[in-house]
Amino acid sequence: MPTDAPVLQCGGHALDLGQPRIMGILNVTPDSFSDGGQYARVEDALTRARAMVAEGAEILDVGGESTRPGAAPVALEDERQRVLPVIEALRAELDVPLSVDTMKPEMMREAVAVGAGMLNDVNGFRAEGALAVAMGAARERGVALCAMHMQGDPQSMQRAPHYDDVVDEVRAFLEQRVAELLRGGVPRGQILLDPGFGFGKTLEHNVALFRGLPRLAASGLPLLVGVSRKSMIGQLLDDRPVADRDPGSAVAALLAAQAGARVLRVHDVSATRDALALYSALRPDGGDGQDNRGN
Ligand code: 7PJ
């Protein structure tokens, strides 16, 4: 049981990471919502967001740029039109921190201006200008930054990923990103790190990395883990189709929490909440730092 339970500052919100928290995924890519125009799209997103918060999501991650392997890049203007109205509407109604899942510095800037409290970059703030925008937003507006590891880019990353030691290499990358952020004046309490499951990794790499989570967590910085509905879940369950991966995803989220992850990025919030609640109630130390065995 860690004694130094971190608190994550995200814009105006403070999230106590003493117990694992759920980040609900809100995709606003065209395939994920109705085609009834912008108003309908924002309404759909609000409905989904309200449901996730009611089910126990404590952060929402809004993404308008598909990063599925092989996905084509999305133009800034399209991403802007999908994401910004949704963040504004959520901001006005819901009292949870809002994260924006983007690799583009201009999107980061504009999302923060309309109320995003976290920048989540699968590219680890490596695009030209991204680090400067992210660090500025962190220093000036107190937003949190989540830096993820990816080998290659979304177009090509699954072609031939290679590592000598995936855990060591991912850890070295994340440590280098943290060092850079700290050097740029970002407070420690605003940084999350993510090993990036499925991003330039084979099944074997993903499994090795998952098994290495306790080693990564030992670095001391809070980990965010996203495996929800990913191909590794399907592959480990006899090629289970995406629509049937939620139970497996909840179990994997639980295992990640057990291995030290502080934030779980998921689609099925209620199943994950139940898994985490049972973990907290039934773990040997009672989840409160007390060893209750024998009581
Ligand atoms: C992740 C993400 C992830 C973080 C996506 C998908 C692909 N952001 N954005 N971590 N994955 N931080 O959800 O399947 O694993 S998009």
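Whatever order the structure lists ligands and atoms in, that order sets their numbers, starting from 1.
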Any M118 side-chain heavy atom under 4.5 Å of L8 side chain: yes
Parallel, tilted or perpendicular: ring planes of F210 versus F197, cut at 30 and 60 degrees: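 Aromatic pair F210/F197 classed tilted.
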Aromatic plane relationship, H205 with Y163 - under 30° parallel, 30 to 60° tilted, over 60° perpendicular: perpendicular
Smallest separation among heavy atoms of P105 and A127, with atom names: CD-CB, 4.5 Å
Residue pair I25 / M52: nearest heavy atoms and the distance that separates them: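 So the two residues come closest at O-CE, 3.4 Å.
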Quick one: ligand 1 N/O to protein N/O pairs below 3.5 Å?
unit_1: ligand 1; atom_1: 8 (N); unit_2: N120; atom_2: ND2; d: 3.0
unit_1: ligand 1; atom_1: 9 (N); unit_2: D101; atom_2: OD2; d: 2.8
unit_1: ligand 1; atom_1: 9 (N); unit_2: R265; atom_2: NH2; d: 3.2
unit_1: ligand 1; atom_1: 10 (N); unit_2: D194; atom_2: OD2; d: 2.5
unit_1: ligand 1; atom_1: 11 (N); unit_2: K230; atom_2: NZ; d: 3.3
unit_1: ligand 1; atom_1: 11 (N); unit_2: R265; atom_2: NH1; d: 3.3
unit_1: ligand 1; atom_1: 12 (N); unit_2: N120; atom_2: OD1; d: 2.7
unit_1: ligand 1; atom_1: 12 (N); unit_2: N120; atom_2: ND2; d: 3.4
unit_1: ligand 1; atom_1: 12 (N); unit_2: D194; atom_2: OD2; d: 2.8
unit_1: ligand 1; atom_1: 13 (O); unit_2: R265; atom_2: NH1; d: 2.9
unit_1: ligand 1; atom_1: 15 (O); unit_2: G226; atom_2: O; d: 3.4
unit_1: ligand 1; atom_1: 15 (O); unit_2: K230; atom_2: NZ; d: 2.6

Donor-acceptor side-chain pairing of S219 and E175 below 3.5 angstrom: no
